[in-house]
Amino acid sequence: MVKLRLPDGRELEAKIGESILEQIPPESGLVAKVDGRLVDLTWIVREGVGTIEVLNFNSPEGRETYWHTSSHILAQAVKRLFPDAKLGIGPAIEEGFFYDFDLGGRSFSPEDLERIEGEMRSIVEENLPVVREEMEREEAIKLFRSMGEVYKVELLEEMDEDVVSVYRQGEFVDLCRGPHLPYTGYVKALKVLHASSAYWRGDERNPVMQRVYGISFPTEEELKRYLKMREEARKRDHRIVGPQLDLFSMPSELIGPGLVIWHPKGARIRRVIEDFLVRVHLKWGYELVYSPHIAYTNLWRTSGHLSYYRDFMYVFEKEGIEHAVKPMNCPFHILVYKSKRRSYRELPMRLFELGTVYRYERSGVLHGLLRARGFTQDDAHIFTTPEKLEEEIFRVIELDEYLMRSFGFEEFKVEISTWDPRHPEEYMGSEEDWNRAQYALEEALRKKGYEYEVMEGEAAFYGPKIDVKLVDSIGREWQLSTIQLDFNLPKRFNVTYVDADGNEKTVIMIHRALLGSIERFFGILLEHYAGNFPLWLAPVQVRILPVAERHLDRAREVLDRLLSAGIRADLDDARGTLGYRIRESELEKIPILLVIGDREVESGKVAVRRKGKGNLGSMDLDVFLREFTEEFLPPDLRGGSSTF
RNA sequence: GCCCCGGUAGCUCAGCUCGGUUAGAGCGCCGCCUUGGUAAGGCGGAGGCCGCGGGUUCGAAUCCCGCCCGGGGCUCCA
């Protein structure tokens, strides 16, 4: 007896020898899972299999199938409109699907995309059955060769399988592992999103394919909601919001691509962040250092970076000596350490710098603040003994968590990159070094109670590392913190300490950047909050709005009180209607507005308006200050003795 | 770096297909009026190397070529 479980949890007894599709309510599922394997709904139920689980759009497999069939519909539409197009591949992706086509040198215009979308709708309308067919690989090669599908032939020729599957819908046939929806009519709402180009199999030596992206859903409402969310994400794009709020700009045509100028308001936020970082690091036992922006290229020859990093460095010559703008801070921190002989008693030594570096990133990868050519790392290098490594890692993770929570991020994902034990020759350091270090990393995470994923073979040749990703307010993941162990630089620079036994030993070095880059972090923060920074970060925390010019005197008194209390406040000039000025301030995303009119002048109170909450009513200025004292302050200064 | 698309006022965009009056709109900015109570008061005005350079033409924002910059991807990210 075989059970059949529907997406709503109901269980039926499956009839042997009939397809799943015939036995379930119409359109109640998309695909099924049998013994861990995904099958088409047209699959014929056999004796002796486990429970058949029918999946719908709410499951990842259901969505993937939905989008995969959608991509076939896309390909079919393109073949109808552009019979000469050669098919590449067309998978479902995290959100939606794409299909690659070789158009023989031309590309799709926006009008083409509209026609394609229209043709896709026709194919859905035709409700074509999607039929799986298995055949010998050789037979498939013949089939696709006869159709002129050279890319399919190439894929087939590289496959190991003797038998492959193809899927047919109407006149269209595609090489595909499946599974698929039973009919094209299962796709209810679809949208062709955009086209771009991509290389066949991601290799720029290969021909260029035209890639068309699309999305589809079981209902129009879901499609609409998706498109609206896309629009939301686009609207909070830091490259739009940043200049809009007058925080920064990147006038690349004047100063070059990938470089940022910080406007007063952005600079205020940045300064608050940097001051916070410096205070916290000092509290956590780091020492603050500074290092120059340029040095002889020889320095990076010693570190070994120059040979394979040179193309990414800004190199120039003065009086016959080659200099470079620093692409990293590590060698300088090593030189601080090496300025004298060090004892084990001094370790761990933690050197912290807000170090601005420049890297000549390839133009195609630049992306606003998220990938710039000049950026400032919250960079530290920790020199430690092997004995203290684990505790030190633990402390770094603890600091990292404190910082992330302070900035309003609650969800983290942690990965450890380890070496590939099958190829120890590709790595620097002994097996003992690696095992001990990797154990220390894992042990520190376990003690912290973090779940983590081990990425075997992902480590750099010079040491294992921990990566921390965080999840933002709209569910996107960002790789931020890196804690990287280094067995290489200490050897190259001969970085040692004298141990308790009087012997000179090589230190273990930890590179760590927790926010990563201030620019990038700022961009992520801006999108995370959609410009609505929490009170402690807001560039203008309070704006005072006099109702009319006759209230300006009192408004100035209030301003003085706020400024001397250390609050970032400004004063509106009382021109124009109050409604208009409130609207302006709301658009500037100022968190608190204090309205002062006749009533307030008379009573000595202020009318408080909080962004997102509206009018909170009037209160005494002292009460207001007391109420918000904590919130105005950076997290590390709250709950202390500071008073207004 | 490679492929595709784009660049018009401070911002968002129309005009370009098919070359031809003085290149437009909304917002913003400036001025005047309005003295206003929690998201847009009224009237007027200024503002353009139509990305840069070259070519075709009697004539180029518009057509062609090169470059710069941006966007979407591919790739890379020790």
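Within every chain, numbering begins at 1; the chains are lettered A, B, ... in the order of the sequence lines, protein sequences first and strands thereafter.
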J.: Please state how far atom CG in A:L370 lies from atom P in B:rG71, giving the value in whole angstrom units.
T.: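 So the two atoms are 11 Å apart, to the nearest Å.
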
J.: Using Watson-Crick or G-U wobble geometry with both distances under 3.5 Å, which nucleotide pairs with B:rU56?
T.: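 For B:rU56, the partner nucleotide comes out as none, under the 3.5 Å rule.
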
J.: For the residue pair A:S249 and A:H263, confirm or rule out a side-chain donor-acceptor distance under 3.5 Å.
T.: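 Side-chain D/A pair, A:S249 to A:H263: present.
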
J.: When rounded to the nearest 0.5 angstrom, what is the spacing between CD in A:E557 and CG in A:L621?
T.: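 Atom-to-atom, A:E557:CD and A:L621:CG are 10.0 Å apart.
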
J.: What distance, rounded to whole Å, do you find between the two C1' atoms, one in B:rA60 and one in B:rC11?
T.: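 The answer is 27 Å between these two C1' atoms.
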
J.: Partner lookup for B:rG31, please. Criteria are Watson-Crick or G-U wobble with both distances under 3.5 angstrom; report none if nothing qualifies.
T.: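 Across all strands, the one nucleotide that pairs with B:rG31 is B:rC43.
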
J.: A:F487 pairs by ring-ring contact (aromatic ring centres under 6.0 Å, His included) with which of A:W419, A:Y427, A:W434, A:Y462?
T.: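 So the option named by the test is A:W434.
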
J.: B:rG26 and B:rG44: how far apart are their P atoms, nearest whole angstrom?
T.: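 11 Å, rounded to whole Å.
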
J.: Separation of A:H263 atom NE2 from B:rG10 atom P, in whole Å?
T.: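 The distance from NE2 of A:H263 to P of B:rG10 comes to 15 Å, rounded to the nearest Å.
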
J.: Please give the distance between the C1' atoms of B:rC50 and B:rU8 as a whole number of Å.
T.: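 About 4 Å, rounded to a whole number of Å.
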
J.: Please report the distance separating the C1' of B:rG71 from the corresponding atom of B:rG51, rounded so that it comes out in whole Å.
T.: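 After rounding to an integer number of Å, I get 15 Å for this pair.
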
J.: If the P atom of B:rU35 is compared with that of B:rU12, how far apart are they to the nearest Å?
T.: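 Pairwise P distance, B:rU35 against B:rU12, rounds to 36 Å.
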
J.: Would you say the ring centers of A:Y99 and A:F101 fall short of 6.0 Å from each other?
T.: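 For A:Y99 and A:F101, the ring centres are under 6.0 Å apart.
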
J.: What's A:G256 touching, base or sugar-phosphate or nothing? Going by heavy atoms closer than 4.0 Å.
T.: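 Nothing, no nucleic acid heavy atom in range.
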
J.: In whole angstrom, what separates A:D553's CG from B:rU35's P?
T.: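 Atom-to-atom, A:D553 to B:rU35, this comes out as 20 Å.
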
J.: Please give the nucleotide sitting opposite B:rG7 as a Watson-Crick or G-U wobble pair, both distances under 3.5 Å, or none.
T.: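 Pairing partner: B:rC68.
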
J.: Quick one: A:E253 CD to B:rC50 C1', roughly how many Å, whole number?
T.: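 One finds 15 Å between C1' of B:rC50 and CD of A:E253, rounded.
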
J.: Taking B:rG42 as the reference, what is the distance to B:rU34 when you measure between their P atoms (whole Å, please)?
T.: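 One P to the other, the span is 15 Å.
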
J.: Separation of A:D573 atom CG from B:rU35 atom C1', in whole Å?
T.: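 Value for this atom pair: 13 Å.
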
J.: Report the C-alpha separation of A:E392 and A:R512 in whole Å, then their side-chain angles, then the decisive distance to 0.1 Å, and conclude whether the salt bridge (charged side-chain N to carboxylate O under 4.0 Å, His left out) test is met.
T.: CA-CA 12 Å; A:E392 201 50 33; A:R512 42 113 292 186; over 6 Å; no

J.: With C1' as the reference atom in both, quote the distance from B:rC74 to B:rC27 in angstrom, rounded to an integer.
T.: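 Their C1' atoms lie roughly 38 Å apart.
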
J.: Mark yes or no for whether A:E586, through its side chain, and A:K611, through its backbone, hold a donor-acceptor pair below 3.5 Å.
T.: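 Pair absent, no side-chain N/O of A:E586 close to backbone of A:K611.
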
J.: Describe, in one word, how the ring planes of A:Y337 and A:F383 are oriented to each other, choosing from parallel (under 30°), tilted (30 to 60°) and perpendicular (over 60°).
T.: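 Geometry flag for A:F383 against A:Y337: tilted rings.
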
J.: Would you give a per-nucleotide map of nucleotides 72-78 of chain B, 5' to 3', where B means the base has a protein non-hydrogen atom under 4.0 Å away, S means only the sugar-phosphate does, and - means neither?
T.: BBBBBBB

J.: Could you check which nucleotide pairs with B:rC2 in any of the strands shown, counting Watson-Crick or G-U wobble with both distances under 3.5 Å?
T.: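 Across all strands, the one nucleotide that pairs with B:rC2 is B:rG73.
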
J.: A:N615 side chain: which of B:rC69, B:rG28, B:rU38 is closest?
T.: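 Minimum distance to the A:N615 side chain belongs to B:rU38.
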
J.: Is the terminal nitrogen or CZ of A:R373 (NZ for Lys, CZ for Arg) located under 6.0 angstrom from the six-membered ring centre of A:Y358 and within 45° of that ring's axis?
T.: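 Not flagged: A:R373 not positioned over aromatic ring of A:Y358.
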
J.: Between B:rC5 and B:rC63, how many Å separate the two P atoms, rounded to a whole number?
T.: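 One P to the other, the span is 14 Å.
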
J.: Check the distance between B:rA39's C1' and A:R610's CZ and give it to me in whole angstrom.
T.: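 Taking atom C1' of B:rA39 as the reference, CZ of A:R610 is at 18 Å.
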
J.: Once you apply a heavy-atom cut-off of 4.0 Å, does A:E588 come out as touching a base, just sugar-phosphate, or nothing?
T.: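 Nothing, no heavy atom under 4.0 Å.
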
J.: With a 4.0 Å cut-off on heavy atoms, is A:V595 in touch with a base, just the backbone sugar-phosphate, or nothing at all?
T.: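 It contacts base atoms.
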
J.: Which value, rounded to the nearest 0.5 Å, describes the distance between A:I544 atom CD1 and A:L559 atom CG?
T.: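 One finds 4.5 Å between CD1 of A:I544 and CG of A:L559.
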
J.: Touch check for A:G597, heavy atoms < 4.0 angstrom, all strands: base, sugar-phosphate only, or nothing?
T.: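 Base contact.
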
J.: Pick base, sugar-phosphate or nothing for A:S252, based on heavy-atom distances below 4.0 Å to the nucleic acid.
T.: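 Since only primed, P, OP1 and OP2 atoms lie under 4.0 Å of A:S252, the category is sugar-phosphate.
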
J.: What's the CG-P distance between A:L552 and B:rU35, to the nearest Å?
T.: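 To the nearest whole Å, that distance equals 16 Å.
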
J.: Using a 4.0 Å cut-off on heavy atoms, which residues in residues 539-548 of chain A reach RNA chain B? List them by number, or say none.
T.: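 Here the set is A:V547, A:A548.
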
J.: Scan A:E549 against the nucleic acid and name what it touches under 4.0 Å (heavy atoms): base, sugar-phosphate only, or nothing.
T.: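 Contact class for A:E549: base.
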
J.: Please determine, for B:rG24, whether a Watson-Crick or G-U wobble partner exists with both distances under 3.5 Å, and give it or none.
T.: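 Base partner found: B:rC13.
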
J.: Given A:H323, which of A:W300, A:F316, A:Y314 fulfils the ring-ring contact (aromatic ring centres under 6.0 Å, His included) condition?
T.: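 Of the listed options, the one satisfying the test is A:F316.
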
J.: How is A:R599 classified with respect to the nucleic acid when contacts are heavy atoms under 4.0 Å: base, sugar-phosphate, or nothing?
T.: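 Base: the residue A:R599, judged by heavy atoms under 4.0 Å, touches a nucleobase.
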
J.: Compute whether any side-chain donor of one residue and acceptor of the other, for A:W478 and A:D472, lie under 3.5 angstrom apart.
T.: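 Indeed, the side chains of A:W478 and A:D472 share at least one donor-acceptor pair under 3.5 Å.
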
